[in-house]
Amino acid sequence: MGISLYSQCFFCFICILSIFCITNYFLQNAYSQCLQDQRSLLLQLRNDLIFNSTRSRKLVLWNQTQDCCNWDGVECDGAGRVISLKLDGEGISGGIHNTSSLSALGYLEKLNLAENYFRGQIPGGILNLKHLTHLSLSGAGFGGQVPIEVSLMRRLVTLDLSYNGLEIENPNLKMLLQNLTRLRGLYLDSVQMSSAVLNFFANFSHLTTLSLSGCDLRGSFPNIIFQLPTLENLDLSFNQLLTGSIPQFHRNASLRTMFLLFTNFSGPLPNSIGNLSMLSVIDMRNCSFTGPIPSTISTLTGLIYVDLSWNFFTGSIPSFYMSKNLQLVDLSDNSLSGSIPKSLFGLPSLQILRLSNNQLSGRVYEFSTLHFPHIVALDLSRNKLEGQIPKSFFTLERLETLKLSYNFFNGTVQLGKLQRLHNLVELDLSYNNLSIDTSITNTNLSMFPQLFSLSLASCNLHNFPDLTNQHSLGLLDLSNNRIIGEVPNWIWEIGNGTLVFLDLSSNMLVSLQKPYHFPSSLIHLVLHSNLLQGELPPIPQHANYIDYSNNKFEKSIPLNIGDSITNLRYLSLANNSLSEAIPTSFCNATELEVLDLSSNKLSGSIPPCLVEKVEQLAVLKLGGNNISGHIPNTFSVNCNLEILDMSQNYLEGRLPVSLANCKLLQILDVGNNNIDDGFPCMLPSSLRVLVLRSNKFHGQVRCSRRWTNLQIIDIASNNFTGYLYTKIFSGMMLEKDGRLGSDYIHYNRQLAYVEGYYQGTVKVIVKGVELELVKIFTIFTAIDFSCNNFEGEIPDGIGDLRSLHILNLSHNTFVGTIPKSLSKLTYIESVDLSTNQLTGEIPRELTRLTFLAVLNLSHNQLIGPIPSGPQFQTFSTDSFQGNIGLCGFPLNISCRHVGEEDNVSPPDPHQEDEAINWDYVSVALGYVVGLGSILWLLFFSQSFRHKFNDQTEQAFQKIYNAKNRRKGHRGRTNRRRHC
Ligand SMILES: *[C@@H]1O[C@H](CO)[C@@H](O)[C@H](O)[C@H]1NC(C)=O
Ligand SMILES: *[C@@H]1O[C@H](CO)[C@@H](O)[C@H](O)[C@H]1NC(C)=O
Ligand SMILES: *[C@@H]1O[C@H](CO)[C@@H](O)[C@H](O)[C@H]1NC(C)=O
């Protein structure tokens with residue numbers, strides 16, 4: 001028994017001993033004690049480094065255990081040599097340059113110094129580590145050119161130099177990397193390399209990740225890189241000058257993620273994108289892709305994230321029926337059409353679906369919300385969707401964003417029915433054909449506790465929805481409804497001061513319920529186009545954008561208005577009945593960029609400090625008031641004015657010479673005043689629109705300066721004399737394509753929460769009709785020199801103003817013949833040469849002017865037959881009367897007895913003077929590219945307007961606001977010389 005016991009104990013002892021030995025053996029190999037020299041090198045490194053000990057999680061703890069291989073961030077090999085050093089995010093700000101300790105750690109294979117605060121070049125000490133396979137310096141703070149030594153680090157498998165201030169220009173990318181063919185992961189995001197050529201990557205047979213975001217890459221991206229057999233992740237985003245196209249993909253292609261956003265890649269997506277069976281993320285937003293989205297993309301089962309927004313894709317939306325893992329689909333801002341595939345509302349993982357700003361049409365049918373459980377954001381706005389909004393939308397309980405605005409959805413929506421959407425943050429139902437029933441039964445409940453943004457513009461609202469319990473509401477748009485009565489004062493209390501943006505414009509509101517206090521959170525307040533009356537409401541203290549225009553506010557503007565509006569950038573009080581002087585306190589509103597006080601009853605003079613101190617001012621509109629005195633000659637040398645409108649006042653004296661300081665001035669309108677001056681040759685060459693109409697300007701129009709951007713010059717009804725020089729309009733000579741483009745003068749600095757732009761407006765007067773060009777298209781050009789004392793011949797050079805649309809030289813004393821060169825004005829729509837002393841015949845060449853809609857040659861001394869041509873058939877006798885020598889249609893004078901040609905068509909006795917030959921008009925319309933001609937026809941032919949379809953009429957209404965001059969704003973009589 002004893003022996004047995006003894007032997008058992010012995011056996012135990014042997015066992016324990018051997019376990020100890022074995023463990024010790026393994027321990028020694030796996031975590032061998034670090035070598036003494038390695039330990040002291042690490043300690044020396046630590047001493048050299050300058051780091052923030054409160055941020056450091058590793059370096060601060062070094063030295064606490066004996067075995068340096070156990071230190072955080074340190075890894076050794078079996079022999080106790082340090083092979084990996086990971087010091088990312090340690091708050092290191094220096095000390096690496098002067099040290100040899102790092103380069104002495106010669107066995108290092110992995111080095112990570114990411115997210116630190118180094119400065120200067122990448123030190124050679126790092127680059128001498130010949131065994132390195134993994135180097136990460138991402139966000140480490142280095143700058144300058146990446147040194148050539150990198151090219152010697154032939155063992156590198158991963159190289160990450162992203163997000164420093166680095167550049168790779170000389171030596172260039174190829175010289176640095178072409179021999180590092182073992183690379184699998186290369187991250188150079190934000191390294192500047194505008195001259196990089198990338199073809200050499202074709203030799204990189206192991207490359208799995210190539211990340212070159214924001215590298216300023218230029219030129220064409222080599223397709224061969226897409227086809228590298230091992231490539232999984234490609235990121236070329238934010239290289240806006242990088243062009244390229246997507247090649248065919250082979251089966252077994254290994255791409256998983258593809259980031260091409262904000263590049264200039266273009267062309268179609270190939271059907272073979274369906275071969276990318278591993279693809280999970282594709283982000284191509286803001287490129288220039290065209291053509292359809294291949295339906296093969298729907299077979300990719302691994303897709304998680306698809307963003308193809310802001311391209312030019314056409315055709316229908318793919319069904320994605322096999323992509324059950326999709327979490328995000330963003331196809332907004334393309335030209336996709338057809339209906340929304342039902343399968344999209346059955347994608348079980350989808351969280352974000354954005355299809356806004358396409359041409360999608362048809363109904364959206366009900367679906368089972370069980371199969372669509374995760375949706376958080378749904379944006380279908382700006383399409384052509386119709387029918388009822390599916391009730392299924394209102395049961396998607398996780399929904400935070402629902403945007404359906406600018407469609408043709410119809411029917412009634414009861415806000416109360418949205419009760420289940422208690423996570424809603426943003427709801428936009430504006431601009432459909434909806435009626436919203438705002439009655440909420442249980443008002444004690446805060447229905448949408450998270451709701452921040454509610455847009456119900458143009459929703460047939462007749463009263464304010466009860467929002468008293470919406471504690472998070474910051475943005476409320478109830479514009480374009482039929483709300484009558486008072487603005488309730490609870491609206492300012494919403495959420496106890498969360499309201500930032502409020503738009504109640506275009507309703508029928510008459511007053512603000514008193515007492516009221518604007519919340520200090522309010523930044524953007526739009527009340528225009530209501531029936532608000534009485535005194536002007538105060539300006540909310542922190543407001544940035546205020547529009548009180550188009551109401552019935554009266555009395556004076558508070559004298560201290562400018563002292564309290566230090567943040568205000570946009571203020572419009574236009575079209576009210578405000579009286580008395582412009583308060584000088586406006587001069588204290590130094591951030592003001594747009595000030596519109598036009599069309600009121602303001603009097604007094606313009607405060608000189610206004611144009612001197614408010615240097616940010618870009619738009620100043622004081623037109624249509626009773627302002628008198630001189631325009632102050634105090635325009636600051638830092639003048640930023642782009643649009644200056646002082647028209648229709650009683651201003652006198654001279655145009656101030658300091659206007660020359662306004663080097664950005666595009667529109668100057670001082671028409672209808674009493675200004676007595678010569679032609680303002682000092683005006684800056686930036687000028688596009690100059691209106692001096694109906695003043696007392698005099699002298700010759702002759703300057704050495706040329707306004708190459710000038711589009712509209714209206715100096716009618718003054719006392720100008722002398723010859724007509726065409727050189728000052730040389731801008732109109734540019735061979736533009738003459739069409740009305742979308743490029744118009746506008747003011748578009750970012751304002752508050754909207755992309756606010758302030759359109760330049762100017763009035764053009766033709767045939768007694770005043771047109772207000774709300775948008776001045778940069779291609780719209782007009783010359784109006786009528787009612788002056790110009791003399792001599794109309795120069796031939798007039799024909800060089802190729803993009804001219806309107807020419808009015810009437811009521812002068814021009815002599816000589818009508819220049820044949822007028823026929824070169826291909827886009828001309830209106831020519832008025834009436835009441836001059838022109839002689840000779842009407843040039844036949846004028847019949848070539850296919851866009852000509854208005855011609856007035858009356859009251860001259862013209863002779864001979866009126867040429868016949870398509871356009872000429874549409875002119876009435878008014879165009880030619882008062883010329884004793886003219887004959888032929890439409891005048892009732894036959895040319896036979898004048899002894900001229902016989903082929904002039906005799907007037908049809910049944911045809912009325914005003915009639916238009918519709919065949920010719922439609923021929924003209926067939927050629928119409930310039931929208932302008934349609935517009936002119938609309939204006940000058942009542943019967944044409946009736947025949948024209950409503951839609952175009954609406955479009956036209958939006959572009960032009962026609963006002964009959966005789967029914968001027970406040971019935972002010974024209975006190976000028978009538979001409
Ligand atoms: C790359 O390697 C080739 C041959 O191995 C050599 O001739 C060339 O100089 C190397 N280039 C660089 C930049 O190191
Ligand atoms: C709504 O629109 C659909 C199709 O666009 C139409 O058939 C239906 O009559 C409309 N309903 C109402 C109430 O206007
Ligand atoms: C501008 O504000 C100051 C005080 O902030 C005031 O003293 C001054 O009168 C104001 N200027 C004008 C023109 O109102």
Side-chain angles (χ1 to χ4, degrees), residues 313-319 329 331-346 353-369 371-372 375 377-396 399 401-421 424 426-441 447-448 454-466 477-484 506-508 948-958:
F313 287 116
T314 52
S316 55
I317 289 183
S319 66
V329 174
L331 307 179
S332 53
D333 297 284
N334 281 289
S335 300
L336 298 166
S337 54
S339 56
I340 301 178
K342 216 179 163 198
S343 52
L344 286 188
F345 299 112
L353 177 60
R354 292 207 183 96
L355 304 175
S356 62
N357 223 348
N358 280 290
Q359 312 283 332
L360 302 172
S361 56
R363 286 162 162 268
V364 184
Y365 292 97
E366 303 289 343
F367 51 88
S368 164
T369 50
H371 299 138
F372 202 45
I375 192 77
L378 187 56
D379 185 356
L380 308 181
S381 57
R382 294 179 192 271
N383 280 292
K384 298 172 176 172
L385 301 169
E386 60 181 32
Q388 300 224 320
I389 298 176
K391 294 187 178 61
S392 318
F393 283 0
F394 303 142
T395 58
L396 299 167
L399 218 48
T401 296
L402 179 60
K403 296 175 80 172
L404 304 175
S405 57
Y406 293 99
N407 279 291
F408 301 121
F409 287 119
N410 64 8
T412 302
V413 175
Q414 289 170 313
L415 270 194
K417 289 271 164 67
L418 273 65
Q419 241 151 347
R420 287 177 68 182
L421 306 182
L424 218 50
E426 185 179 14
L427 177 64
D428 187 356
L429 303 178
S430 304
Y431 300 104
N432 282 286
N433 300 324
L434 295 170
S435 293
I436 307 277
D437 179 356
T438 54
S439 53
I440 297 170
T441 41
M447 275 200 357
F448 310 111
L454 178 62
S455 301
L456 300 176
S458 189
C459 281
N460 268 309
L461 294 179
H462 289 262
N463 41 38
F464 283 91
D466 184 352
D477 184 356
L478 301 176
S479 62
N480 283 287
N481 280 295
R482 298 168 184 193
I483 309 177
I484 52 176
S506 300
N507 278 289
M508 293 180 282
F948 216 80
N949 76 53
D950 286 348
Q951 288 228 334
T952 316
E953 178 101 342
Q954 277 167 15
F956 146 81
Q957 295 274 4
K958 283 183 189 164

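Counting starts at 1 for both ligands and their atoms, following the listed order.
Protein non-hydrogen atoms do not reach within 4.0 Å of atom 9 (O) of ligand 2.
Side chains of Leu418 and Val413 form a contact here, defined as non-hydrogen atoms less than 4.5 Å apart.
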Under the side-chain hydrogen bond (donor to acceptor under 3.5 Å, both in side chains) rule, what do Asn357 and Asp333 come out as? Steps first, then yes or no, please.
CA-CA 5 Å; Asn357 223 348; Asp333 297 284; 2.8 Å; yes
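Scanning the protein for heavy atoms near atom 12 (C) of ligand 2, the closest one is Asn410 ND2, 3.3 Å. Atom 5 (O) of ligand 2 has Glu386 CD, 3.5 Å as its closest protein atom, hydrogens excluded (heavy atom only). The protein non-hydrogen atom at the shortest distance from atom 7 (O) of ligand 2 is Arg363 NH2, 4.1 Å.
Shortest non-hydrogen contact noted between Leu360 and Ser337 is CD2-O, 3.7 Å.
Between the side chains of Asp437 and Thr412, no donor-acceptor pair of N or O atoms lies under 3.5 Å.
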